[in-house]
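Input: a single structure, listed below in structure tokens.
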Amino acid sequence: ENSGKTVIKISQQEIENNQGRTLSELINTKSGIEINGSRSNAGQNLGVYVRGGRNRQVLVLIDGIQIGDPSELNSEYDFRLLNLNQIESIEIIKGAASTLYGSGAATAVISITTKKAGAKKVNAVFLSSLGTNQSESDQNYNIADFNTSVSIGGTLNKFTYLTAFNQQFADGLSAAITDEDEKDPYSKYGVDVNMGYQFSNAFSLNVFGNFTDISSNYDGGAFFDADNEFKSKQSRVGISSEYKHINGSVHINAAYSKYDREFISNFPSILESKNYVLDVYNKYVFNKRFYTILGLNVIDNEALYDEKETFSNVDPYANLVYVSDFGLNINSGGRLNNHSEYGSHFTYNINPSFTFKSDNDSYTKLFGSYSTSFIAPSLSQLFGLFGPNPDLNPEENKTIEGGVEFKLSNNFRVSALYFNREEENFFIYDFTLGYMNSEDRVETQGVELEVNAKFLDHLALTANYTFVENKEDVAVKIPKHKANLQLGYDVSENTFASLSYQYTHDRLVNDFSTFPATPVTLDRFSLVNLYFSHSVKNNKVKFFGGIDNMLNEDYSDLLGFVSKGRNVRIGFKLIL
């Protein structure tokens, strides 16, 4: 309510109402977001486009710590490594946010909070689902998608613990559209461990670890069959601690991550990388009107090419918040990015809002912001095997937002905003010269509308619409118009059902099967999904099911690659 930013909150209840789906499928229903590949083969690479931006302009946090693979072209994080069942909640902060979050926070920050231990001494949760995995033209209804997760945790006095295992196997779909009757299977398993200790009322410490292993077959490209294999492993360990003092709290978050990827094909490659992240910050409350965050963020990235390559960021940052007693709120701050390769770079933001409050928790809020952000070049772009340029400067983004939000009690909320983003030093690739900073400016603008309404305590409606326009050129792979609508109905205290609709407008893509690549337009499409759940035995047992693409729409998610047709899944969740 006091924020002048648009923040999308995906609660645990919403995650519960999307059992059986992937993280990318759930996020893809939110305003301003398009995730290419989320409707394709399970092993398909994902392209995360927010407000017309690219993968490198979206930053992912897990439990408050930046995460990304330094060997990836854009240092992005692979959403396939995450299991939705182990996530407690998700916040998506859209717009430039480098002041608090650093490099990559240009179009959105996706902040993921994982599940923690329950209050009982021993809590056990078992979840399993199975379903079809078929295209529009091959509706054989064979069971080809299996998901299982198990978690055990609890609280023993001041000690908390949680360990979880998840596994997925999917078959039945080819990656590429070909005349061959071949399938490209996908498998994943992961282990998560989290332990915490409350030393006193003021000091707590958590230690966590994660290991994920992915194996997937993939084809040679659009419309081209091949017997290739992809393997990816991620290992993470870290700590998070909090010390509460009389005027606020001090937080220390640190993590070490290691990534190993292997491509087995006629052009094999092995990519190894690791990074260290440290974020230390102090929240200081001067009084109920004014408070600050002062912090230091240190990141060290390393990847192996012909030889080991590294770079580091050491960034002090500050954020100031003023909350008046007459409705005016101001959020502002700055960050000094100190990069081991290109030097120093300063970003800042100013984010005022004014709230007109009325009775019954209702309000009208006017908000705006002017924010800058940056994207540091990746190790691949600086030192990689294909066209590296160690003299690259960071991309610079300036974003202006303005909008209005109206909330009527807890039953109705509507918001509308306009954004305009201007980008300089945009990374481009020239087949002769390699990576360069573009001399041209890129300007993108758009509109986002969101509605949340609840009727008679039983029926809920959520809807959003996004318009995105690249003013210099047509945005590749990004729909100009996109809309989502969901109706959720509590049939009874224990039974829930929802019907959702998604419209995706035409998208321009490049067809690389020709040389030079030619632009091709992918047709617009609409998808309708059904979901239901029913709980018994005091909510200890839950049965759920769903039908995705109910009308078996024939469409293209990615040019030359198979898209999912009508698919059915069922499952259950057991709490002990």
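The neighbour count for D306 CG, taken as heavy atoms of other residues, nucleotides or ligands under 6.0 Å away, does not exceed 12. Atom CZ of F386 is surrounded by 12 or fewer heavy atoms from other residues, nucleotides or ligands within 6.0 Å. Counting heavy atoms of neighbouring residues, nucleotides and ligands inside a 6.0 Å radius, atom OH of Y342 exceeds 12 of them.
Judged purely by atom type and a 3.5 angstrom limit, N470 has no side-chain atom pairing as donor or acceptor with the backbone of T444. The backbone N or O of E25 sits nowhere less than 3.5 Å from a side-chain atom of S38 that would complete a donor-acceptor pair. With hydrogens and angles disregarded, a donor-acceptor distance shorter than 3.5 Å links the side chain of N41 to the backbone of D184. Checked by atom type and distance alone, the side chain of D511 never pairs as donor or acceptor with a backbone atom of P519 at under 3.5 Å. Within the 3.5 Å criterion, the main-chain N or O of L296 finds no donor-acceptor partner in the side chain of Y317. In terms of modelled atom types and a separation under 3.5 Å, the side chain of N275 and the main chain of N301 share no donor-acceptor contact. In this structure, S265 contributes its side chain and F267 its backbone to a donor-acceptor pair below 3.5 Å. A donor-acceptor pair under 3.5 Å links the side-chain atoms of D557 to the main chain of G37, judged by distance alone. Side-chain atoms of K231 never come within 3.5 Å of backbone atoms of I264 as a donor-acceptor pair (strictly under, hydrogens ignored). Panel note: side chain R335, backbone L100; a donor-acceptor pair is recorded below 3.5 Å.
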Trace of the ring-ring contact (aromatic ring centres under 6.0 Å, His included) decision for F263 with F230: CA-CA 5 Å; F263 297 84; F230 167 69; 5.0 Å; yes
Test log, rule ring-ring contact (aromatic ring centres under 6.0 Å, His included), inputs Y197 and F199: CA-CA 6 Å; Y197 195 82; F199 290 89; 4.8 Å; yes
Intermediate values then yes/no, side-chain hydrogen bond (donor to acceptor under 3.5 Å, both in side chains), S380 and S378: CA-CA 5 Å; S380 180; S378 68; 4.8 Å; no
Working for side-chain contact (heavy atoms from CB on, under 4.5 Å), residues E395 and F374: CA-CA 5 Å; E395 279 190 15; F374 70 100; over 6 Å; no
side-chain contact (heavy atoms from CB on, under 4.5 Å) between L23 and I90, worked out: CA-CA 10 Å; L23 173 63; I90 305 166; 3.5 Å; yes
side-chain contact (heavy atoms from CB on, under 4.5 Å) assessment of I110 paired with I112: CA-CA 6 Å; I110 299 176; I112 296 168; 4.2 Å; yes
K233 vs F211, side-chain contact (heavy atoms from CB on, under 4.5 Å): CA-CA, chis, key distance, verdict: CA-CA 7 Å; K233 296 180 181 180; F211 176 79; 4.3 Å; yes
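Side-chain contact between R80 and T212 is absent, with no heavy atoms from C-beta onward closer than 4.5 Å. Within the 4.5 Å cutoff, side-chain heavy atoms of S241 are placed close to those of F203. Residues N349 and N331 form a side-chain contact, since some pair of their non-hydrogen atoms from C-beta on lies under 4.5 Å apart. Side-chain atoms of S332 and L320, non-hydrogen and from C-beta on, do get closer than 4.5 Å to each other. Q12 is listed as a side-chain neighbour of I15, based on a closest heavy-atom distance under 4.5 Å. Between K274 and E302 the shortest side-chain heavy-atom distance falls below 4.5 Å. Proximity of F290 to V321: side-chain heavy atoms (C-beta onward) are nowhere separated by under 4.5 Å. At a threshold of 4.5 Å between non-hydrogen side-chain atoms, the residues L392 and L382 count as touching.
Distance check, rounded to the nearest 0.5 Å: OH of Y218 to CG of D227 gives 10.5 Å. One distance of note links OG of S240 with CG of D279; it measures 11.5 Å at 0.5 Å rounding. Considering OG of S187 and CG of D213, their distance stands at 7.0 Å, rounded to 0.5 Å. For the atom pair CZ of F383 and OH of Y305, the computed distance is 9.5 Å after rounding to the nearest 0.5 Å. Here the straight-line distance linking atom CD of E91 with atom OG of S11 works out to 11.0 Å at 0.5 Å rounding. Rounded to the nearest 0.5 angstrom, L417 CG and E401 CD are separated by 6.0 Å.
Between the side chains of S204 and E242, not a single donor N or O lies within less than 3.5 Å of an accepting N or O. Side-chain atoms of N420 and Y418 include a donor-acceptor pair closer than 3.5 Å. A donor and an acceptor atom, one from each side chain of T29 and N484, are nowhere located under 3.5 Å apart. When only modelled atom types and interatomic distance are considered, S344 and N338 share a side-chain donor-acceptor pair under 3.5 Å. For N337 and D315, the side-chain atoms include at least one donor-acceptor pair closer than 3.5 Å. A donor-acceptor contact under 3.5 angstrom links the side chains of N282 and H245, judged on distance only. Checking Y243 against H251 by side-chain atom types alone, no donor-acceptor pair falls below 3.5 Å.
Ring-centre distance between Y429 and F431: below the 6.0 Å cut-off.
In this structure, N228 has no side-chain hydrogen bond (donor to acceptor under 3.5 Å, both in side chains) partners at least two apart in sequence or on a different chain.
The pair E34-K482 meets the salt-bridge criterion, with a side-chain N (NZ, NE, NH1 or NH2) lying under 4.0 Å from an Asp/Glu carboxylate O. A salt bridge is absent between E396 and K398; no separation between the charged side-chain nitrogens and carboxylate oxygens falls under 4.0 Å. Ion pairing of E14 with K30 is present here, as a side-chain N (NZ or NE/NH1/NH2) and a carboxylate O approach within less than 4.0 Å. Between K94 and E448 there is a salt bridge, since a side-chain N of the basic residue sits under 4.0 Å from a carboxylate O of the acidic one.
Geometrically, R441 does not engage F426 in a cation-pi contact, judged by NZ or CZ lying under 6.0 Å from the ring centre and within 45° of the ring axis.
Between R236 and A255, the shortest heavy-atom contact is NH2-CB, 4.0 Å.
Screening T163, N210, N83 for a side-chain hydrogen bond (donor to acceptor under 3.5 Å, both in side chains) involving D192 leaves a single residue, N210.
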Sequence neighbours left out, cut at 3.5 Å: what donor-acceptor pairs do the side chains of residues 58-77 make with other protein atoms?
from	atom 1	to	atom 2	distance (Å)
D63	OD1	T114	N	3.0
D63	OD1	T114	OG1	3.3
D63	OD1	K116	NZ	3.3
D63	OD2	T114	OG1	2.7
Q66	OE1	N297	ND2	3.4
Q66	NE2	Y101	O	3.2
Q66	NE2	N297	OD1	2.5
D69	OD1	S71	N	3.0
D69	OD1	S71	OG	2.9
D69	OD1	S273	OG	2.6
D69	OD2	S71	OG	3.4
D69	OD2	R261	NE	3.3
S71	OG	R261	NH2	3.1
E76	OE1	N74	N	3.1
E76	OE2	N55	ND2	3.3
Y77	OH	Q234	OE1	2.9

